[in-house]
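Here's the structure we're looking at; comments come further down.
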2 protein chains.
Amino acid sequence: MPAEASFESSVGFLLSQLGVLATRSWVGVLAERDLTPHHHRILLTLHTAGPLGATALADIVLIDPRNMGPVVAPLERRGLIQRGDDPADRRRRVISLTPAGTEAAAELAAATSRIEDELLAPLTPDERDALRSHLRLLWQKAKAP
Amino acid sequence: MPAEASFESSVGFLLSQLGVLATRSWVGVLAERDLTPHHHRILLTLHTAGPLGATALADIVLIDPRNMGPVVAPLERRGLIQRGDDPADRRRRVISLTPAGTEAAAELAAATSRIEDELLAPLTPDERDALRSHLRLLWQKAKAP
DNA sequence: TATTGTTATACTCTATAACTATA
DNA sequence: TATAGTTATAGAGTATAACAATA
């Protein structure tokens with residue numbers, strides 16, 4: 001009876017489980033650099049999207065804006081990011097990567113393919129491409145509904 | 001330069017983000033029933049896999065076994081699960097659904113398709129099937145490496 | 001009035017250490 | 001000695017309330 005199909009056929013269940021596993025696959029690499037998964041996503045987001053306001057950045061990395069302070073503070077203290085003023089809108093505090101932050105982000109990006117290969121080992125190259133494009137489509141639609 | 005490709009092409013990044021979104025898509029339905037995402041996964045896992053020991057169950061739902069007590073206690077108190085002894089191995093405490101728990105799990109499973117449809121709206125039926133099978137494959141391999 | 005950003009604080013979830021009971 | 005399970009507790013992460021500054 002397919003109506004009683006296993007929870008393993010629920011995409012939502014699989015996404016939440018694999019999301020945890022994907023995050024865990026990074027903990028070792030991040031711990032060596034004294035970074036958290038939040039820091040990872042912030043650095044890579046700024047690296048590819050460029051400078052962002054606090055709210056916009058929080059929205060992308062799925063952190064509540066009210067928790068941005070404690071998350072971002074260590075990055076600023078270590079000189080990986082900087083917060084500047086926006087002359088056009090003096091409420092905004094534009095967050096951007098410093099040169100050291102750009103270097104750190106590029107180095108993390110370089111580590112991605114190795115970790116990714118391990119995670120995606122069970123899939124063929126074609127299957128990986130299909131999976132990537134499907135996930136990307138879901139994420140882009142989820143961001144801007 | 002594709003080596004500098006966007007972080008959006010990282011499957012790990014997409015999985016962790018979509019995992020959060022998939023979990024959030026359930027919070028309303030679960031809150032109405034006074035359940036957490038952990039409870040959700042436990043009920044559905046027991047519903048399809050049958051009775052399990054505490055360690056085996058914790059392993060599947062990716063909860064540290066030491067945190068199972070506080071997670072499982074409310075379910076037991078509300079009569080949705082029960083913990084019994086295993087005559088074959090008196091260390092084990094077998095966790096299983098009560099009739100009320102079975103009913104609750106079935107009801108949650110019924111709500112899945114509606115939530116799933118919303119999440120997967122951007123994809124065609126064929127794409128959904130492909131995504132589901134790829135994710136399932138990754139999860140099964142990740143569980144038993 | 002709405003938006004951007006922040007602080008203080010309570011709450012939940014997760015991880016570290018150590019222990020009992022059985023195999 | 002190894003495994004199943006538990007407790008206590010510290011730490012990381014998340015959510016609720018309230019506020020200041022600017023648009």
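Here the structure is a predicted model, which means the values were calculated and not measured. Residue numbers begin at 1 in each chain, while the letters A, B, ... track the order of the sequences.
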Q) B:Asp86 CG to D:dT3 C1': how many Å, rounded? A) 14 Å

(Q) Filter on ring-ring contact (aromatic ring centres under 6.0 Å, His included), then keep only pairs touching residues 107-139 of chain A, sequence neighbours left out; what's left? (A) A:Trp139-B:Phe13

(Q) Please list, in numerical order, the residues of residues 27-38 of chain A that have a heavy atom closer than 4.0 Å to any atom of DNA chain C. (A) none

Q: Output all residues satisfying side-chain contact (heavy atoms from CB on, under 4.5 Å) with B:Val20, sequence neighbours left out; order by chain, then residue number.
A: A:Leu62, B:Arg24

**Q.** Qualifying residues under side-chain contact (heavy atoms from CB on, under 4.5 Å), relative to B:Asp64, sequence neighbours excluded
**A.** B:Arg66, B:Asn67

Q: Sequence neighbours left out, what pairs pass side chain to side chain donor-acceptor pair (under 3.5 Å) with at least one residue falling in residues 99-113 of chain A?
A: A:Arg33-A:Glu107

Q: Rounded to the nearest angstrom, tell me the gap between atom CZ in A:Arg92 and atom P in C:dG5.
A: 6 Å

(Q) Any donor-acceptor pair under 3.5 Å linking the side-chain atoms of B:Glu116 with those of A:Ser10? (A) yes

**Q.** side-chain contact (heavy atoms from CB on, under 4.5 Å) partners for A:Pro74, two or more places apart
**A.** A:His39, A:Arg77

Atom pairs, N/O to N/O, protein against nucleotides 21-23 of chain D, distance under 3.5 Å?
| residue | atom | partner | partner atom | Å |
| --- | --- | --- | --- | --- |
| D:dT22 | O2 | A:Arg91 | NH1 | 3.3 |
| D:dA23 | OP1 | A:Arg90 | N | 3.2 |

Q: Look at the side-chain N and O atoms of B:Arg83 and state whether any lies under 4.0 Å from the OP1 or OP2 oxygen of D:dT6.
A: yes

Q) In chain order, what residues pass the salt bridge (Lys or Arg N to Asp or Glu O under 4.0 Å) check against B:Glu76, with sequence neighbours excluded? A) B:Arg83

Q: Report the residues that fulfil salt bridge (Lys or Arg N to Asp or Glu O under 4.0 Å) with B:Asp34, sequence neighbours left out, ordered by chain and then residue number.
A: none

(Q) If the condition is salt bridge (Lys or Arg N to Asp or Glu O under 4.0 Å), which residues does B:Arg90 pass it with, not counting sequence neighbours? (A) none

**Q.** Results of salt bridge (Lys or Arg N to Asp or Glu O under 4.0 Å) for A:Glu127 - residues two or more places apart only
**A.** none

Q. Which parts of residues 52-79 of chain A get close to DNA chain C, meaning a heavy atom less than 4.0 angstrom away?
A. A:Gly53, A:Ala54, A:Thr55, A:Pro65, A:Arg66

